[in-house]
Every structure is written in C-alpha cells, then in structure tokens.
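To start, the structure under review is shown below, and the notes come after it.
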Number of protein chains: 2
Amino acid sequence: MSTDVTVAQSAPGPRTGRRRLVKVLPEDARRHNKSLVLQALFPEAELSRADIARMTGLTRVTVSDLVGELAEEGLVRELGQKESKRPGKPGTLLSINPYARVLVALDLSDSETLNGALVDLSGRVLSRDAVTIGGAVGETAVTATIELAQKLVAVADRPVLGVGIGTPGMVDADGVVLHAPNRSWESVPLRERVAEALELPVLVSNDADAAARAEHSYGGRAETVLVVHVALGVGAGLFINGKLVHGHRSAAGEIGHVSIQDDGVLCACGKRGCLETFTSVPALRAQLDELTGEPTDLSQRAAILSGAGEKLSRVVAPLVAAIDFDEIVLSGPLDLLGGDLVDSVRENVRMRTRSAFRNDVPVRTTDLGEDTVLLGAAAMVLSGQLGVS
Amino acid sequence: MSTDVTVAQSAPGPRTGRRRLVKVLPEDARRHNKSLVLQALFPEAELSRADIARMTGLTRVTVSDLVGELAEEGLVRELGQKESKRPGKPGTLLSINPYARVLVALDLSDSETLNGALVDLSGRVLSRDAVTIGGAVGETAVTATIELAQKLVAVADRPVLGVGIGTPGMVDADGVVLHAPNRSWESVPLRERVAEALELPVLVSNDADAAARAEHSYGGRAETVLVVHVALGVGAGLFINGKLVHGHRSAAGEIGHVSIQDDGVLCACGKRGCLETFTSVPALRAQLDELTGEPTDLSQRAAILSGAGEKLSRVVAPLVAAIDFDEIVLSGPLDLLGGDLVDSVRENVRMRTRSAFRNDVPVRTTDLGEDTVLLGAAAMVLSGQLGVS
DNA sequence: CATAATTGTTCACTTTATTAACTTATTGTT
DNA sequence: AACAATAAGTTAATAAAGTGAACAATTATG
C-alpha cells in the first residue's frame with residue numbers, strides 16, 4: 001500500500017522528458033509530522049498530546065517534542081486540563097492559537113475591484129480592504145495588487161504568514177499568470193513581483209482553483225470535489241484526493257469554452273455553443289433582463305435558469321462519471337445559481353449518470369458566500385506554509 | 001512548494017469523517033529514496049552512482065549505500081566502466097537486472113478466456129498461459145483465476161515479486177471487486193483470495209485502470225493521461241500527476257453509462273442513449289455486421305466508426321477541458337478503434353475544446369497492442385512492490 | 001610528468017524517532 | 001485511608017538515516 005505524503009521542499013524545476021526524482025530526508029519527514037500535529041488540531045479541535053499520538057501513530061515522546069517546537073513558535077497553546085471520568089492523569093488540552101499569525105488574502109476575480117482581507121489561522125476575516133481599479137489592466141493592475149497587499153500588511157499587528165492570491169486566468173506552478181484576458185496579462189510573474197515587493201511568501205492560483213480549495217478546507221471538507229465557479233466566465237477547480245489538479249500545461253479547469261451545441265451562437269473564442277454563452281453571469285443577466293416582471297415571466301425565469309443548468313450538466317456529467325467526486329459545488333452569485341439552476345444541474349447530472357451501484361453525487365451551492373475565493377487564497381497560504389488543509 | 005512523495009506503508013483504514021493522518025518515519029524516507037534509485041535506472045538506463053546522486057540530489061555516499069542494498073537483493077548489477085573523454089576516475093555503470101524477479105500478470109477482461117503471463121522487470125513477457133472459462137461466473141471464476149496464477153507461479157524459475165490482476169468491474173482500494181456484472185461478482189475479495197492461495201503480494205485493479213497504468217509506465221509515459229478502454233463496455237482509467245484516480249467510492253472511470261443522447265436507445269442500465277450503446281465493441285460489431293461489403297458499404301463503415309467517435313468525444317471533450325491531459329489513449333480492438341474512429345475522436349475533441357492558448361491534446365490508439373491490461377497488471381506490481389513506475 | 005578532475009569509500013557527526021523506565025495525577029476498591 | 005490500576009507526559013539510552021570532510025583510485029590535459 002502506498003500513501004501520499006506532502007513534504008515541503010524547494011521549488012520544483014521544469015518538467016523535462018525524464019521524470020523528476022525528489023529525495024526525502026529525515027528532516028522532511030519531521031516537517032511532515034509537525035504538520036500532522038497542526039492538521040489534527042486544525043478543525044477547532046482540543047486534543048491532548050496523547051490523543052494526537054493515537055491519531056497519528058507517532059509516540060507520545062515524539063508528539064511532545066513536536067508540540068514543544070510548535071508552542072515555541074506560538075502556533076500551539078495549552079488550554080488546561082481535560083476533565084475525564086476515567087482513571088489516569090488527565091491530559092493537557094492543546095489547540096491552535098488562531099491569533100499567532102495573520103494571512104493576507106487577495107481576490108482579484110472582480111473586474112472593477114480588487115478585494116483583500118487579513119485572515120487569522122482559523123479562516124476568520126479580521127479586516128477588509130479593496131481598491132477600485134476601474135478596468136485597469138496590465139502593469140497598472142499589478143501595482144494595484146501590490147499596493148493592496150502592502151496596505152493589508154501595514155494593518156497587521158501580528159507576524160504575517162504569507163500572501164495568497166486568487167486571480168482570473170491560467171496560472172502555472174511558479175505563480176506566473178500565463179494568460180488573463182480581462183487583465184491583459186500574458187506571462188506575468190505575479191508571485192515573484194509581489195514577493196519581491198513584500199518580502200513575504202506569496203502563493204498564486206486561479207480563482208476557480210482557490211474556490212475549490214476553500215471548499216476543501218472550510219466547506220464540505222471533501223477530498224475529491226469539483227467546484228464550478230460562475231462569474232464573467234465559467235471555470236472549474238478540481239481537488240482530487242486532497243490535491244489540486246493543475247493539468248499538463250496549467251490549463252485544468254478551463255471548461256467555459258467547451259462547445260456543447262454545434263449550432264449554438266458564436267463565442268468570442270471562435271467556436272459555437274460554448275458553455276459560457278449559456279451559463280456565465282453576463283449571459284444569464286442578458287437573458288433575464290429581457291423579462292418584464294409579469295406573472296408569465298416568472299416561469300420564463302425558471303426556464304432560463306433550468307436551461308442554463310441543463311447545459312452545465314452536459315459538461316459536469318462526464319466529469320462526475322469519470323472522477324466520482326464526493327460532491328459538486330457551485331460558486332458565484334447565489335441569486336442566479338441557487339434555486340432553479342442548481343436544482344437543474346442536480347437533476348440533469350442525475351439523469352445522465354444514475355446507476356444502481358453508485359449513489360447520486362450531491363450538488364449544492366457554496367456555503368461560503370462571496371468569500372469563496374478569498375478564503376481559498378488564505379487556505380493556500382495555510383497549506384503552503386504550514387502544511388495544513 | 002510542496003512535492004508529492006510516495007511512501008510504502010501499512011494498509012490504510014476506512015475513510016471516516018476525519019481525514020487520515022499518516023506519519024512518515026526516516027525509514028519511510030529511506031524506502032522512498034531506494035525506490036528513487038530504481039526509478040532512475042528503470043527506463044533501461046545505465047548510470048553510475050555519481051549520476052544517480054546528481055539526478056536525485058542525494059549524496060554519493062547515500063547512493064552507494066542504497067545501491068549496495070539493491071545489489072545484495074540482486075535488483076541492481078554492475079555492468080562495467082563508463083568510458084568517458086573527461087578527466088577523472090570513470091564511473092561504474094549500473095543497471096536494473098531485469099531477470100532478478102518475475103511478476104505474474106493476469107488480464108481477466110475477456111469474457112471467455114482468462115489470460116496470464118510471466119513478465120520480467122523490464123516488462124518483457126517471458127511466457128503466457130490462459131484458461132478458457134466459457135462464461136463461468138461467481139466462485140468458479142475465482143478459482144479459475146487462482147489456478148491460472150498458480151500455474152504461472154509454478155513455471156517461474158526466479159523469485160516471484162507479486163501478482164497483478166486487471167479485472168472488469170469496480171474495484172476498491174483493498175482489492176475487493178465491488179461489482180462486476182459479467183462475472184456475477186459482488187463484493188468479492190479477490191486480492192485476499194488470491195493472496196491466501198499463493199502466499200504472495202497481490203494487487204488488483206479495474207482493467208481500464210490497468211490499461212491507464214500501462215500507458216503511464218510503458219507507453220507515452222505521460223504523467224496525466226486518460227485511457228479509454230473499449231471492450232464489452234466502455235471504461236476509462238485516469239492517471240493524474242502520476243497517480244491513479246479511484247474516486248470517492250472507487251467508481252472513477254465508469255463513463256460507459258453517461259447518457260449523451262436523451263432520445264437514444266434504451267440501455268440495460270435503464271437510461272437512454274448511454275455511451276455504451278454507441279461505442280462498445282458489441283454495439284459497433286452489431287452495426288458493422290449489417291453491412292454486406294459492397295463499395296457503398298465502405299463509406300458506410302467509415303460513417304459508423306466516425307459517428308461512434310463523435311459520441312465518445314462528447315464525453316471526452318469535457319474531461320480534456322477540465323483536466324488538461326498530456327494525452328488521450330484508446331485501447332481495445334485496433335481494427336475498430338484505429339483509423340476512422342480515433343480520427344473522429346481527435347477531430348471532434350479538437351472542435352469542442354480548441355483554444356488559442358492551449359495546444360490540441362494528442363489522441364492516439366495504444367502502442368501496446370493486446371497486452372495493455374496485462375502490462376498494466378505487471379506495472380501495478382512494480383509500482384506497489386518496488387515503488388517504480 | 002605534474003595537475004586538475006572525478007568517482008567511490010571511510011569516518012565522525014547530526015537529526016529523528018523509538019523503546020523502556022519513571023514521575024505525576026486521577027479513579028476505583030478494599 | 002491505603003492501595004492498585006490506569007493514563008499522561010517526560011527523561012535517557014539506542015538505532016537508523018543522511019551529511020560533510022577527507023582520502024584513495026583513476027583518468028585527461030598541458
């Protein structure tokens with residue numbers, strides 16, 4: 001049996017013909033085990049050292065040692081004694097100290113406004129900030145991003161663990177935005193730029209990927225989840241076995257331009273009947289704006305949203321069959337996605353994939369409101385810097 | 001940056017609400033590094049200890065130590081001196097000794113015949129065997145499988161590393177065949193049964209998954225690949241970032257019963273227009289058998305195969321967009337899949353997903369002939385026992 | 001022929017986790 | 001109240017893993 005293990009290491013090089021061979025040192029094993037202690041405590045748990053030892057399989061001695069280090073760093077604190085009805089010395093309860101560090105999280109997915117927040121280790125938003133860029137693109141958008149991050153860092157009254165950024169566009173493993181049309185970004189080394197300006201660890205990923213990570217860390221905590229992020233376009237983030245899927249050329253999740261109707265309307269990409277021409281926010285608003293508000297229009301509205309859901313399900317159903325997700329989550333404006341649309345997706349996916357030997361996959365809208373991408377950006381930092389997810 | 005690392009460990013428990021926390025010991029790190037040496041040598045490479053040290057980042061001292069152990073186990077052998085034009089002591093060339101062990105590989109995907117082979121460490125088939133079961137199902141099929149494995153073990157003139165089995169049906173992580181209709185298997189603990197009978201390590205997976213693994217290990221060696229296995233049904237195996245995707249309930253890859261045409265013919269599963277009603281081997285043969293062989297029928301044949309490819313692409317295109325595979329491979333009877341069918345899949349996937357910012361994904365038929373599943377079964381053993389892939 | 005370069009090994013050392021034993025603290029029983 | 005049983009957390013000795021420094025062996029080059 002082999003088990004996946006995440007070990008923080010130096011940045012990987014390019015993938016050439018030969019597969020990369022990455023050594024593991026005892027010190028990497030220790031970093032992993034230290035993360036394990038944090039992971040055990042992460043879901044607001046209060047556990048004793050002995051509890052953690054049982055959960056991880058490490059000995060009490062080792063756990064004590066690891067907890068000692070984490071306590072010195074301020075990340076873990078003792079809460080007091082565990083009251084119990086059983087004989088034996090009562091354990092000392094431990095928990096993560098959510099105020100030990102803050103994270104800077106940026107959501108760049110809106111076209112007009114860049115949103116940012118200071119977030120504590122438990123995912124609570126401590127303060128918010130935003131800059132209006134009014135459609136600014138290119139270098140201007142980069143400096144606006146840096147300034148927003150700097151303002152948030154200035155507000156922090158605690159050590160900043162790092163900066164997480166969720167941005168539209170394709171992002172590679174080194175945090176380079178390969179292609180983001182609404183920002184006119186082509187191969188912009190966003191991670192490097194922000195890291196140089198702030199002298200902090202910076203992590204960048206696609207906004208849909210961030211949304212997926214948020215669901216994995218703060219939402220249903222599913223290990224294998226598909227998040228469909230409906231905004232200007234339609235993007236997907238895939239978490240499979242607890243890991244984000246980047247794809248061969250960092251283009252995973254780009255489902256907005258799958259053609260699902262050969263005689264559909266012409267899309268900006270040059271193809272016909274792309275998913276985005278049916279189910280993106282602009283496409284939906286345009287259709288709904290034509291309605292007047294009369295009684296008959298109510299069922300018209302339902303028909304439009306159901307139709308969009310049906311179109312989305314043509315893309316989602318094959319994914320469900322092929323990957324067997326724990327759940328499917330829709331994120332974006334809930335006034336559009338909730339109700340008829342999500343119901344239609346659920347029903348149509350069920351119709352296309354139902355089987356006597358597999359339960360229907362749950363399909364729901366996000367519970368994280370408008371902060372999905374922001375929380376995902378925060379979770380990136382937690383995962384990257386502390387190995388917690 | 002975090003890097004995936006495979007570490008052999010004891011069998012995982014059930015996935016309950018809480019995530020599993022798996023410790024890593026220095027000894028696991030060593031097992032991993034030892035596998036790294038084998039991985040470096042696996043693609044028929046002849047390398048010196050110093051070469052391996054450079055490739056892995058381990059020191060020459062450590063590599064020497066690991067090579068020493070592997071040599072003692074007979075897995076690695078010295079070939080002689082490396083001739084070079086540069087100054088310095090010439091290195092001692094090492095290679096894997098493909099004859100150090102044999103593997104037993106079984107392909108149970110045919111309905112009439114169970115096929116098996118002895119395979120060496122380089123994937124060469126040393127001898128074959130088969131049993132005709134004539135549609136036998138249930139316990140009879142299990143004992144036939146065990147007998148075939150035993151016959152092959154009896155022929156082996158070297159230590160047997162393990163037994164790999166590719167079988168139709170859904171298979172869970174413990175090698176239990178949850179559901180295989182053509183064998184009438186429901187929750188059959190195939191791995192356990194064979195392991196008890198042979199007292200050898202046994203690894204079981206779905207036939208499409210095995211095919212995917214074969215492409216990953218012996219075919220294009222892509223890290224992220226979709227293999228569509230067309231046989232009695234249509235199944236898919238997904239390798240993502242070098243790891244097989246099992247899915248939430250071991251049902252990943254079950255794409256045969258995605259409905260792609262609402263008014264299609266009724267499928268055995270109860271839905272209409274399932275992919276299998278168009279593109280499985282029986283469905284294709286049935287359509288082709290109606291042709292007489294006259295000139296007009298030649299273009300009819302092309303139309304039938306192209307149509308089947310177009311249907312398949314409706315399922316594959318969303319997967320390509322969502323996961324950004326290195327390549328797509330079709331496996332199964334090449335007289336059906338080659339030519340018009342694969343061309344149609346390639347073209348239709350391209351039509352539905354093409355983008356200015358992503359190259360078209362290569363779509364091809366397997367190079368591994370009829371042995372895809374067999375070689376995948378062998379690769380499972382290599383991966384599971386030696387950490388080589 | 002001397003020098004530089006390269007391979008592979010030996011040795012002393014650091015890091016990591018383990019087992020065994022011990023201290024401390026609590027419950028339950030006589 | 002005394003004592004046994006149980007459990008948590010710590011201390012100390014030990015085993016395993018990889019490293020750097022130094023060295024011997026071997027080759028090309030000027």
Side-chain angles (χ1 to χ4, degrees), chain A residues 5 7-10 21-37 40-41 46-72 76-94, chain B residues 5 7-10 21-37 40 46-72 76-94 387:
Chain A
V5 165
V7 174
Q9 288 215 329
S10 51
L21 302 176
V22 183
K23 68 176 172 178
V24 175
L25 304 183
E27 113 194 42
D28 296 316
R30 180 157 180 100
R31 188 167 20 246
H32 171 89
N33 290 337
K34 204 165 154 184
S35 291
L36 234 48
V37 174
L41 293 169
E46 299 184 354
L47 302 167
S48 70
R49 291 167 175 82
D51 291 331
I52 297 173
R54 276 185 291 267
M55 288 169 64
T56 59
L58 294 163
T59 61
R60 295 197 308 268
V61 181
T62 304
V63 171
S64 279
D65 198 34
L66 294 169
V67 166
E69 277 185 32
L70 290 166
E72 232 171 64
V76 165
R77 59 183 176 183
E78 296 195 345
L79 292 179
Q81 292 223 326
K82 189 176 182 177
E83 80 281 3
S84 78
K85 282 146 201 141
R86 288 186 306 170
K89 173 178 170 176
T92 320
L93 286 176
L94 303 168
Chain B
V5 165
V7 174
Q9 289 215 327
S10 51
L21 301 176
V22 183
K23 68 175 171 178
V24 175
L25 304 183
E27 113 194 42
D28 297 316
R30 180 159 180 100
R31 185 163 27 240
H32 171 88
N33 290 336
K34 203 164 155 184
S35 292
L36 235 47
V37 173
E46 300 185 352
L47 302 167
S48 69
R49 292 167 175 83
D51 292 331
I52 298 172
R54 275 185 292 267
M55 290 169 64
T56 58
L58 293 163
T59 60
R60 296 198 306 268
V61 181
T62 304
V63 171
S64 278
D65 197 35
L66 294 169
V67 166
E69 277 185 31
L70 290 167
E72 231 171 65
V76 165
R77 59 182 176 184
E78 297 194 345
L79 292 179
Q81 293 223 325
K82 188 177 182 177
E83 80 282 1
S84 79
K85 283 147 202 140
R86 289 184 307 168
K89 172 177 170 176
T92 319
L93 285 176
L94 304 168

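In what follows, every chain begins at residue 1, and chains take the letters A, B, ... in the order their sequences are listed.
Looking at residues two or more places apart in sequence or on another chain, you find no salt bridge (Lys or Arg N to Asp or Glu O under 4.0 Å) involving A/Arg60.
For A/Lys89 and D/dA7, the NZ to P distance is 15 Å, given to the nearest whole Å. At whole-Å resolution of the value, CZ in A/Arg49 and P in C/dT24 are 16 Å apart. Atom CG in A/Leu93 sits about 14 Å away from atom C1' in D/dG9, given to the nearest Å. Across the protein-nucleic acid pair, B/Asp51 atom CG and C/dT7 atom P stand 7 Å apart, rounded to whole Å. One atom, CZ of B/Arg54, and another, P of C/dA5, lie 15 Å apart when rounded to the nearest Å. What separates NZ of A/Lys82 from C1' of D/dT6 is a distance of 14 Å, to the nearest Å.
An OP1 or OP2 oxygen of C/dT26 is reached within less than 4.0 angstrom by a side-chain nitrogen or oxygen of A/Gln81. Applying the 4.0 Å criterion to OP1 and OP2 of D/dA8, one finds that A/Ser64 has every side-chain N and O outside that range.
Looking only at distances, a side-chain donor or acceptor of A/His32 sits under 3.5 Å from a matching main-chain atom of B/Val22.
You'll find the side chain of B/Arg49 reaches within 4.5 Å of the side chain of B/Glu78, heavy atoms only. In this structure, B/Leu66 and B/Leu58 have side chains that are in contact, with non-hydrogen atoms separated by less than 4.5 Å. Side chains of A/Leu41 and A/Ile52 form a contact here, defined as non-hydrogen atoms less than 4.5 Å apart. Looking at B/Val63 and A/Lys23, their side chains never come closer than 4.5 Å, going by heavy atoms from C-beta outward. Put simply, the side chain of A/Val37 reaches to within 4.5 Å of the side chain of A/Val67, judged on heavy atoms.
Between B/Glu46 atom CD and B/Asp51 atom CG the span is 11.0 Å, to the nearest 0.5 Å.
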Do any N or O atoms of the protein come closer than 3.5 Å to N or O atoms of nucleotides 28-30 of chain D, and which pairs are they?
| from | atom 1 | to | atom 2 | distance (Å) |
| --- | --- | --- | --- | --- |
| D/dA28 | O4' | B/Pro87 | N | 3.4 |
| D/dA28 | O3' | B/Lys85 | O | 3.3 |

Taking only N/O atoms, report every protein-nucleotides 16-19 of chain C pair under 3.5 Å with atom names and distance.
| from | atom 1 | to | atom 2 | distance (Å) |
| --- | --- | --- | --- | --- |
| C/dA17 | OP1 | A/Asn33 | ND2 | 2.8 |
| C/dA17 | OP2 | A/Arg30 | NH1 | 2.3 |
| C/dT18 | OP1 | B/Lys23 | NZ | 3.4 |
| C/dT18 | OP2 | A/Thr59 | N | 3.3 |
| C/dT18 | OP2 | A/Thr59 | OG1 | 2.8 |
| C/dT18 | OP2 | A/Thr62 | OG1 | 2.5 |

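Defined by atom type and a distance below 3.5 Å, a donor-acceptor pair is missing between the side-chain atoms of B/Asp65 and B/Thr62.
Across all strands, A/Glu83 comes closer than 4.0 Å to no nucleic acid atom at all (heavy-atom distances).
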